[in-house]
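Being a predicted model, the structure only gives us computed values, none of them experimental.
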Amino acid sequence: MKEYALYKGDQIVAIGTVNEIAEERGVKPNTIRFYMSGAYQRRSKSEVNNRLQLIKLED
């Protein structure tokens, strides 16, 4: 099972699977996956310290 960490700036917001994080945040799993995409990174480039970022945790 793949686990991820969701960060806002340098602060950890949630840890778990995409579905667990989505449920905790009250959004769809696709929204959580979008935080890891290149498109989201480019769109929020000017807000580096305030954006949400999804990081895959190593096994």
Side-chain angles (χ1 to χ4, degrees):
M1 190 173 289
K2 297 178 185 177
E3 288 211 331
Y4 298 87
L6 183 65
Y7 288 88
K8 182 167 186 167
D10 292 334
Q11 189 174 17
I12 225 172
V13 177
I15 296 177
T17 64
V18 169
N19 290 333
E20 290 170 346
I21 295 171
E23 186 175 320
E24 182 179 323
R25 303 283 296 170
V27 297
K28 294 179 181 180
N30 283 340
T31 302
I32 299 299
R33 286 186 199 95
F34 181 66
Y35 295 145
M36 203 161 72
S37 72
Y40 176 73
Q41 303 301 321
R42 285 189 302 276
R43 288 180 190 175
S44 60
K45 198 174 203 174
S46 64
E47 303 170 9
V48 172
N49 293 330
N50 200 29
R51 71 176 177 212
L52 292 168
Q53 188 172 9
L54 187 66
I55 305 292
K56 183 178 177 186
L57 300 177
E58 297 293 323
D59 291 331

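Contact record, L54 with M36: O-CG, 3.4 Å, taken as the closest heavy-atom pair. A pairwise comparison of heavy atoms in A5 and I12 identifies CB-CD1, 4.2 Å as the closest pair.
Checking side-chain atoms of E3 against main-chain N and O of V18 turns up no donor-acceptor pair under 3.5 Å. At distances below 3.5 Å, at least one donor-acceptor pair connects side-chain atoms of Y40 with backbone N or O atoms of L52. Using modelled atom types, no side-chain atom of Q11 and backbone atom of K8 make a donor-acceptor pair closer than 3.5 Å.
Checked against side chain to side chain contact (heavy atoms under 4.5 Å, CB included), I55 has the following partners two or more places apart in sequence or in another chain: Y7, Q53. With sequence neighbours excluded, no residue forms a side chain to side chain donor-acceptor pair (under 3.5 Å) with R25.
Among I15, I21, T17, the single residue meeting the side chain to side chain contact (heavy atoms under 4.5 Å, CB included) criterion with Y4 is I21.
For the ring pair (Phe, Tyr, Trp, His ring centres under 6.0 Å) condition, no pair includes a residue of residues 11-30, sequence neighbours left out.
F34 and V27 end up in the same hydrophobic cluster when Ile, Leu, Val, Met, Phe, Trp and Tyr side chains are linked at under 4.5 Å.
E23 CD: 12 or fewer foreign heavy atoms inside a 6.0 Å radius.
Here N19 contributes atom CG and K28 contributes atom NZ; the two are 13.5 Å apart, rounded to the nearest 0.5 Å.
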